[in-house]
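What follows is a short report on a single structure.
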Amino acid sequence: MQTEDRLIRTEYSEIMQKSYIDYAMSVIVARALPDVRDGLKPVQRRTLYDMYELGIRFDRPYRKCARIVGDTMGKYHPHGDSSIYEALVVMAQDFKKGMPLVDGHGNFGSIEGDGAAAMRYTEARLKKITQEAYLADLDKDIVDFVPNFDETEKEPQVLPVKVPNILINGAEGIAVGMATSIPPHNFGEVIDGVIAYLKNPDMNTAQMMEYIKGPDFPTGGIVTNQDELLAIYSTGMGKIKIRGKVEIEKSKGGRERLVVTEIPYTMIGANIGKFLNDVFALVDSKKTGDIVDISNQSSKEGIRIVMEMRKGADAQNLCNLLYKKTKLEDTFGVNMLAVANGRPETMGIIPMIRHHVEFQYGLATRKYRTLLAKEQEKKEIQEGLIAACDVIDLIIEILRGSKNIKDAKKCLTEGETKNIRFRQKTSQKQAAQLRFTQRQADAILEMRLYRLIGLEIQALLKEHDATLKKIAQYEEILSNRGAMTKVIIKELTAFKKEYGTPRRTELANVAEAVYVEKPMEEKDVVFLMDRLGYTKTIDTTAYERNKEAADSENKTVLQCKNTDRICIFTDQGHLHTVKVQDLPFGKFRDKGTPLDNVSNYDSSKEEIVYLSPLSAIREKKLLFGTAYGMVKAVAGGEFDVAKRTTAATKLSTDDQVVFIQALSGAQGESLVMQSEKGMFLRIEAAAVPEKKKIALGVRGIRLAENDRLAKMYLFDAQDGELVADYAGAEVVLNRLRPGNRDTKGVKR
């Protein structure tokens, strides 16, 4: 029996496109981005709801984080325990969240990047604010519940958060093709902004910023571009410049010290260590000599990074150097992206608050509808009990004459008396007129005899009056938007009063830090590079003492200034420059640093043809020769460039530089070109035309097929006898007859 062919033929690209879009939307909506309504990602929402379900309230004992993580993973979030625990830890860290939502007990990490202890050691419980403003009223049917991943549990689609958490705590997340980065804000300011919007829904971003003035990072610091915040909050995108706070303190001996007391939000974690390393690097590279010691004295009380300065140092100038060269001044990229109505959307601050306010009206409507229904149910029962008290003797007679509860209930609700034995005919007539509701009849049948006491009846009447007042109040709230707005404002005001905190981040317009580099004291040094490419500079006196050893042990020895630059010309036509001050300066026997490490030169891909201090060639001309026989002279000033790497000359395909040397300009200076096949051509150096460095040059020697220029020699009339070797024979270059450029030369 042949199986039916079930192959479906389709375009591969269409399947890939659909699958990738489905995956991307899953990551965007269900993993990485927060919902604009509660400001929470799914993992955060599920963790908080699970803690609520487990009863881990703020006034109850802590529970092990492993218990919370395991329960959350098993019921709601089957994506691994590490992501759940990480979310739990971050919600407990007061240096990351403007308003922590979890009360952590144990090691939950530090601002310096130390990780939290394993979940089996740490404990947690909900914060009071979380219970009151994030999870309250879940029993009043104010949000929709959806099945969990295996449809064995129900979880809230969104938490009934009563404050704009997405602004208070901010958010960070990387999805597929998009990312969100929302800074945290001050709790009290955000509440004020929402209240102002409730009173005036037509307000614009500038008016809103009278209340929400800007981000408020838990690490404090200074926002230095306050004037740009309006554009950022209007579009939901931009860059906030933040810098740490630095204080200048007096120390012993008339010295001063710089003390970092607040850091940029972006420096949290490993970037504190990077800041310390960057400061060390500034000292090592001699960018500054004003710092003599640095220590990190931070503790639970706060950040304190102390930099001791040498006497007479300019503290403000040094502070500007730190702002320019380290993470002490950084940029926070803002992209206010959140899921709204099931799709990702970048929003300004007004749309975000609008979504939050609409959500609050929805929550309030559902809450008061539920409360109204309960009060109406209570009213119905109360009215039945009150009416029952008036005919209690009749009801007792009905109960005593009934054979079962079904007959008694039917008599109370429908006046059916045929199955009930009455003592008097009048009682039967009265019973036939009874019309209690089903709910009232149940309440009457369950009523205890003590409710017949006079005081209890009075209490029932008072309770009924209170119920009627609540019903009127709830109906007013539901029918009058103004009344509902007042209720929301009252609740927000109470939250601000209890949980509001002073602003931590200062907002200002600060000019860009300008560091005035002190002029270096110029002095003579000697550049040394050994045969392995290790370089260093030493003092001229040290060189003179060790001249013989230095000349014999090193491949290159150059006299230069410490303010100079070393020019490295390679066979690939590149020019690499390195500042002499960037080279290690030390003793003669110091090992030095590979040239590759202090410049862009790569010894594995190119070879050095010529090395020279820039000052030695700036006023001269450099003679270039390539393997294809091309020559030219280039003014040395063309190589005075700021770039670390640039083109020294233009080369044809597969050509390479074989010779570079500075022309002396002496009368009678000659150039000899030697090919691989033993052709020699002597011409006057003046015959080589001057070209720009971007030019190919001109042909110096006419080479035979498969021949290449191997060497070039430059000398003048005052030089002694100059001998070259070819195939074991000596060639005296000074005796070669001068020829013309672009000729074949002579065979030797």
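The structure displayed is predicted, hence computed values, not measured ones. Just so it is clear, the values below take in all heavy atoms, side chains as well, and ignore hydrogens, waters and symmetry mates. Counting begins at 1 with the first residue of the sequence.
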Atom of Arg255, atom of Met309 and distance for their closest heavy-atom approach: CD-O, 3.5 Å
Residues two or more places apart in sequence or in another chain: which of them pass ring pair (Phe, Tyr, Trp, His ring centres under 6.0 Å) with Tyr134? none
Take atom CD1 in Ile174; do more than 12 heavy atoms of anything else shown fall under 6.0 Å from it? no
Electrostatic pair Asp192-Lys213, nearest N-O below 4.0 angstrom: no
Looking only at side-chain N and O atoms, does Glu189 offer a donor or acceptor that is under 3.5 Å from a partner on Asn186? no
Nearest heavy-atom approach of Tyr197 to Arg354 is OH-CG, 3.3 Å
Considering only heavy atoms from C-beta outward, does the side chain of Gln360 approach that of Leu198 to under 4.5 Å? no
Is any side-chain heavy atom of Tyr62 closer than 4.5 Å to one of Asp103? yes
Strictly below 4.0 Å, N to O, side chains only: are Glu132 and Lys162 in salt-bridge contact? no
Check step by step if side chain to side chain contact (heavy atoms under 4.5 Å, CB included) holds for Lys250 and Glu256. CA-CA 5 Å; Lys250 297 288 185 183; Glu256 292 180 326; 3.1 Å; yes
Quick check for you: to the nearest 0.5 Å, what is the distance between Tyr85 atom OH and Thr72 atom OG1? 13.0 Å
Test Asp38 against Asn165 for side chain to side chain contact (heavy atoms under 4.5 Å, CB included), laying out the working first. CA-CA 6 Å; Asp38 62 4; Asn165 178 63; 5.9 Å; no
So, do Asp137 and Thr370 sit near enough that their side-chain heavy atoms are less than 4.5 Å apart? no
Any chance you could measure Gln226, atom CD, to Glu506, atom CD, to the nearest 0.5 Å? 9.5 Å
In terms of heavy-atom contacts, Thr331 and Thr266 come closest through O-CG2, 3.9 Å
Roughly how far, to the nearest 0.5 Å, is the CG atom of Leu507 from the CE atom of Met209? 8.0 Å
Which label fits Phe332 and Tyr265: parallel for a plane angle under 30°, tilted from 30 to 60°, or perpendicular past 60°? tilted
Side-chain ion pair, Lys378 and Glu375, N-O less than 4.0 Å: yes
Is atom CZ of Arg369 surrounded by more than 12 heavy atoms (other residues, nucleotides or ligands) closer than 6.0 Å? no
So with a 6.0 Å cut-off around OH of Tyr121, is the heavy-atom count from everything else above 12? no
Within this structure, what is the OG1-CD1 distance for the pair Thr493 and Ile195, rounded to the nearest 0.5 Å? 3.5 Å
Can you list every salt bridge (charged side-chain N to carboxylate O under 4.0 Å, His left out) pair that touches residues 66-83, not counting sequence neighbours? Arg67-Asp71, Asp71-Lys75
Short N-O contact, Arg57 and Asp59, less than 4.0 angstrom: no
Stepwise, does the side chain to side chain contact (heavy atoms under 4.5 Å, CB included) test hold for Tyr52 with Leu159? CA-CA 11 Å; Tyr52 170 83; Leu159 290 187; over 6 Å; no
For the residue pair His79 and His77, does the interplanar ring angle fall in the parallel (under 30°), tilted (30 to 60°) or perpendicular (over 60°) class? perpendicular
Taking Leu282 as the fixed residue, which of Leu318, Ile291, Thr326 is the one that meets the side-chain contact (heavy atoms from CB on, under 4.5 Å) rule? Thr326
Are Leu138 and Phe145 side-chain neighbours, meaning at least one heavy-atom pair lies under 4.5 Å? yes
Decide, yes or no, whether a salt bridge links Glu155 with Arg46 under the criterion of side-chain N to carboxylate O below 4.0 Å. yes
For Ala124 against Ile56, the heavy-atom pair lying closest together: O-CG2, 3.3 Å
When you measure from the centre of the six-membered ring of Phe187, is the NZ or CZ of Arg503 under 6.0 Å away and within 45° of the axis? no
Could you pull out the closest heavy-atom pair between Pro215 and Thr505, with the gap in Å? O-CB, 3.9 Å
Check Glu249, Glu247, Glu112, Glu262 against Arg304 for a salt bridge (Lys or Arg N to Asp or Glu O under 4.0 Å) and give me the one that passes. Glu249
On a heavy-atom basis, the closest approach of Asn225 and Lys239 is ND2-O, 3.0 Å
Val246 vs Tyr323, test: side chain to side chain contact (heavy atoms under 4.5 Å, CB included). Steps then yes/no. CA-CA 10 Å; Val246 182; Tyr323 286 142; 3.8 Å; yes
Taking atom CD of Glu308 as the centre, does the number of heavy atoms from other residues, nucleotides or ligands within less than 6.0 Å exceed 12? yes
Gap between atom CD1 of Ile477 and atom CG of Leu372 - 0.5 Å precision: 10.0 Å
Are the side chains of Met237 and Met336 in touch, meaning some heavy atoms are under 4.5 Å apart? no
Report, as yes or no, whether the 6.0 Å neighbourhood of atom OH on Tyr499 holds more than 12 heavy atoms from other residues, nucleotides or ligands. yes
Taking atom types as modelled, find out whether Tyr361 and Thr485 have a side-chain donor-acceptor pair closer than 3.5 angstrom. yes
Could you tell me whether Lys327 and Asp278 have a side-chain N and a carboxylate O separated by less than 4.0 Å? no
Pairwise side-chain contact, Leu101 with Lys127, heavy-atom cut-off 4.5 Å (strictly under): no
Knowing that exactly one of Arg243, Lys241, Lys245 qualifies, which makes a salt bridge (Lys or Arg N to Asp or Glu O under 4.0 Å) with Glu329? Arg243
Would you indicate whether the side-chain heavy atoms of Val43 and Glu86 approach each other to under 4.5 Å? no
Could you check whether Arg63 pairs with Glu123 (Lys NZ or Arg NE/NH1/NH2 to Asp/Glu carboxylate O, under 4.0 Å)? no
Heavy atoms, side chains only, cut-off 4.5 Å: are Thr130 and Val102 in contact? no
Would you find more than 12 non-hydrogen atoms of other residues, nucleotides or ligands less than 6.0 Å from Lys97 atom NZ? yes
Rounded distance (nearest 0.5 Å) linking atom OG1 of Thr47 with atom CG of Leu126: 10.5 Å
Listed partners of Glu476 passing side chain to side chain contact (heavy atoms under 4.5 Å, CB included), at least two apart: Ser479, Asn480, Ala483
Are there more than 12 heavy atoms of other residues, nucleotides or ligands under 6.0 Å from atom NE2 of His105? no
